Every structure is written in C-alpha cells, then in structure tokens.
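Notes follow once the structure below has been shown.
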Amino acid sequence: MPESPEVETIRRGLERAVLGLKISKTEVLFPAMIKSGLNLIRRFPRKRITSVERVGKHLVIKLEGKLCLVIHLGMSGKMLLLPKSSPLPKHTHLVIHFREFAEKLCHNDPRRFGYVHIVTSDGLRDLNCLLKLGPDATQLTKKMFDRMVKARHRMIKPLLLDQSFIAGLGNIYSDESLYKAKIHPRRLSHTLRSSQLDSLRLAIRTTLRQAIVAGGSSLNDETYLNVDGELGRFQLQLRVYGREGERCFHCGRKIRKIIVGSRSTYFCPRCQPVQKR
DNA sequence: GGGCCTGTTTCATG
DNA sequence: ACATGAAACAGGCC
C-alpha cells in the first residue's frame with residue numbers, strides 16, 4: 001500500500017524522531033527480509049543517522065561510516081517507533097535501538113512483499129532496485145513528461161504504475177490523478193494531447209502533495225500507519241478509488257471498477273470518457 | 001479451508 | 001526493444 005505519499009510521511013516522521021541519533025544495537029528477527037548486506041549490520045552500533053531520504057517508494061537511511069539502509073515497504077510494511085519496553089508486534093523483522101532514546105525503531109511487514117538492502121555509499125550507486133527507477137513523480141517537467149509518454153505505446157494507467165517509467169505512483173494515486181485530469185485509464189499513451197499530458201502531470205503533483213499533507217491513505221484501518229502508529233487521512237478525500245457504485249462528486253454518474261493491466265481500476269465513465277484521440 | 005485480493009518483481013511469450 | 005500477461009510472494013478476509 002505505501003506509495004510515495006505514505007513513504008514520504010514515514011520519512012518525515014523518521015527525520016524528526018531519529019535523525020542524528022546514535023545506534024546502540026540492532027536485532028534481526030527475520031534475516032530473509034535482508035536481500036543483501038546482512039554482514040554490514042554488525043557495523044551499525046555507535047553510528048549516527050545522518051539522513052533519511054526517499055527514492056520513489058524506497059526509504060534510504062544513511063549512517064556514519066558510509067552505511068546505507070534501503071527499505072522497500074511492499075504492501076504491508078511499516079516503520080514503527082515503540083517504547084523500548086513494548087513487546088514486538090508480530091511480523092517484526094528488524095529492530096534498531098538508540099543510545100539515549102526511549103524508543104526503538106521496528107521494521108514490520110506481515111506480508112513480506114518488501115525487502116531491505118544494506119550497502120555502503122558505493123554500493124548504493126549500483127543498487128539495481130534504485131538504478132532502474134524513472135524520474136520521481138513529483139519532479140516531472142512539462143517537456144520531459146510529454147516526450148516520455150508519447151514515446152510509448154501503452155495504456156496510460158499501467159504506464160503510470162511502471163516504476164521504471166516514473167517512480168512513486170501506485171494504484172490509488174494513479175486512479176485519482178487520471179480522474180482529476182479527466183483521462184480514461186485505458187487511453188493509449190501516444191494518443192494523448194500535450195494539453196492533456198500537462199493536466200495529468202499537474203494532477204499527479206497536486207494529488208501527491210495533498211496526500212502528503214493528509215499523512216497518506218489508510219484504507220482498511222489496518223494497512224498503513226506512520227512511525228507513530230497513526231492512520232493517514234487521505235482516504236477521506238479519495239474521489240474514485242474504492243468508490244465502485246457510488247456517485248461521482250462532479251457529475252453524479254456511478255463510479256465503475258474495471259481491470260486494467262490486471263489491476264483494479266476505478267474511474268468515472270462520464271468525466272473520463274473513452275477517447276481515441 | 002478454499003478462493004480472492006492486495007503491489008511489485010520476475011519470467012515467459014508475442 | 002517493447003508490450004503484455006501470468007506467476008509468485010504471504011497473510012487477511014469472507
């Protein structure tokens with residue numbers, strides 16, 4: 001579930017809470033979550049956290065001594081700050097303790113679709129999962145986006161979900177952005193007009209910004225939580241996602257659910273009409 | 001207890 | 001190379 005607004009909310013929470021803190025020890029409860037660099041974890045003690053960054057849907061936590069923790073949260077991943085005395089939640093895979101800080105940082109992922117890489121700064125530069133990412137969805141320029149989309153012959157929604165095309169969008173925010181730009185999710189990318197592409201680019205930007213302000217989306221009161229264990233609020237502002245059969249806020253037609261690129265897709269058939277060109 | 005759903009990666013095929 | 005589809009991952013839910 002975490003798309004870039006959720007990851008960004010987590011990033012900000014971590015930056016506020018643990019930036020500059022010195023690690024005292026780490027616990028690896030489920031080593032298989034660590035896809036590379038498990039051996040580097042023994043260097044963590046006595047290192048401070050020097051930055052907390054986001055790359056697409058990845059969290060990059062940098063430490064002194066050129067150490068980097070790269071985390072993808074998959075669908076159900078969380079980073080929770082819990083009092084040191086709290087019992088570990090089920091499905092906790094990695095725990096980081098800090099000197100002089102009353103809380104521990106727990107990486108938790110029930111479905112285990114996420115992963116962790118531990119690398120040095122040099123290793124970071126050739127981590128495939130980061131190298132193959134397209135430009136961040138929040139950083140698109142008009143020219144760049146126009147050129148990129150028209151160069152491809154694909155349905156627009158699966159293209160938006162392709163992290164090697166642009167990074168950061170998942171199912172929720174691509175549907176919301178296409179609705180805002182009034183574009184049908186199956187529209188072929190190369191048939192879109194420059195004016196439509198620019199409204200799509202701006203719709204993506206606005207949607208992601210509003211979602212970050214709302215602290216991300218939590219759909220089934222379980223799924224996404226920020227570092228303080230709180231739910232997001234953007235699900236209250238969703239216009240199409242998860243609203244099958246409900247009325248479009250703009251025109252009153254019923255929102256439809258279809259499958260596009262094998263993914264559930266919600267849209268308004270009147271506001272987002274099929275258009276050949 | 002089986003089938004479905006979720007997002008992403010990976011593999012196979014056109 | 002590019003597009004597309006299926007399978008795999010794991011657990012929660014009905």
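Note that the structure is predicted; figures quoted are calculated from it, not measured. Order of the sequence lines fixes the chain letters, A, B, ..., with proteins taken first and strands second; residue numbering starts at 1 for each chain.
Note: CG (A/Leu73) to P (C/dG11) measures 17 Å, nearest angstrom. Put simply, CZ on A/Arg152 is 9 Å from C1' on C/dA3, counting in whole angstrom units. The OH-P distance, from A/Tyr115 to B/dT9, rounds to 5 Å in whole Å. Rounded to a whole Å, the CZ atom of A/Arg186 is 18 Å from the P atom of C/dA3. Between A/Asn128 atom CG and B/dT10 atom C1' there is a gap of 12 Å when expressed in whole angstrom units. Following rounding to the nearest Å, A/Leu159 (CG) and C/dG5 (P) show an atom-to-atom distance of 14 Å. Between A/His153 atom NE2 and C/dA1 atom P there is a gap of 17 Å when expressed in whole angstrom units. Taking atom CG on A/Leu161 and atom C1' on C/dT4, their separation rounds to 14 Å, with Å as the unit.
Among residues two or more places apart in sequence or in another chain, the side-chain contact (heavy atoms from CB on, under 4.5 Å) test is passed with A/Val213 by none. For A/Phe98, the side-chain contact (heavy atoms from CB on, under 4.5 Å) partners are A/Val18, A/Leu21, A/Ile23, A/Ile49, A/Ile96, A/Phe101, A/Leu105, not counting sequence neighbours. By the side-chain contact (heavy atoms from CB on, under 4.5 Å) test, A/Gln235 is found to be paired with A/Ser217, A/Ser218, A/Leu219, A/Leu238, residues two or more places apart in sequence or in another chain being considered. Checked against side-chain contact (heavy atoms from CB on, under 4.5 Å), A/Pro45 has no partners two or more places apart in sequence or in another chain.
Comparing B/dG7, B/dT9, C/dA3 by their closest approach to the side chain of A/Tyr241 singles out B/dG7. Comparing B/dC5, B/dG7, C/dC2 by their closest approach to the side chain of A/Arg263 singles out B/dG7. Among the nucleotides C/dC2, B/dG7, C/dT4, the one closest to the side chain of A/Asn171 is B/dG7.
For residues 34-63 of chain A, the pairs satisfying ring-ring contact (aromatic ring centres under 6.0 Å, His included) are A/His58-A/His72, A/His58-A/Tyr115, with sequence neighbours left out.
Of the side-chain N and O atoms in A/Arg154, one or more sit less than 4.0 angstrom from OP1 or OP2 of C/dT4.
A donor-acceptor pair shorter than 3.5 Å can be found between the side chains of A/Glu6 and A/Tyr173.
In this structure, A/Arg256 forms no cation-pi arrangement with A/Tyr266, as its terminal cationic atom is not both closer than 6.0 Å to the ring centre and no more than 45° off the ring axis.
Along DNA chain B, the nucleotide nearest A/Lys132 and the nucleotide nearest A/Ile259 are compared for position; the residue whose nucleotide lies closer to the 5' end is A/Ile259.
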Are there any protein N/O atoms within less than 3.5 Å of an N/O atom in nucleotides 7-10 of chain C, and if so, which ones and at what distance?
| unit_1 | atom_1 | unit_2 | atom_2 | d |
| --- | --- | --- | --- | --- |
| C/dA10 | O4' | A/Arg111 | O | 2.9 |

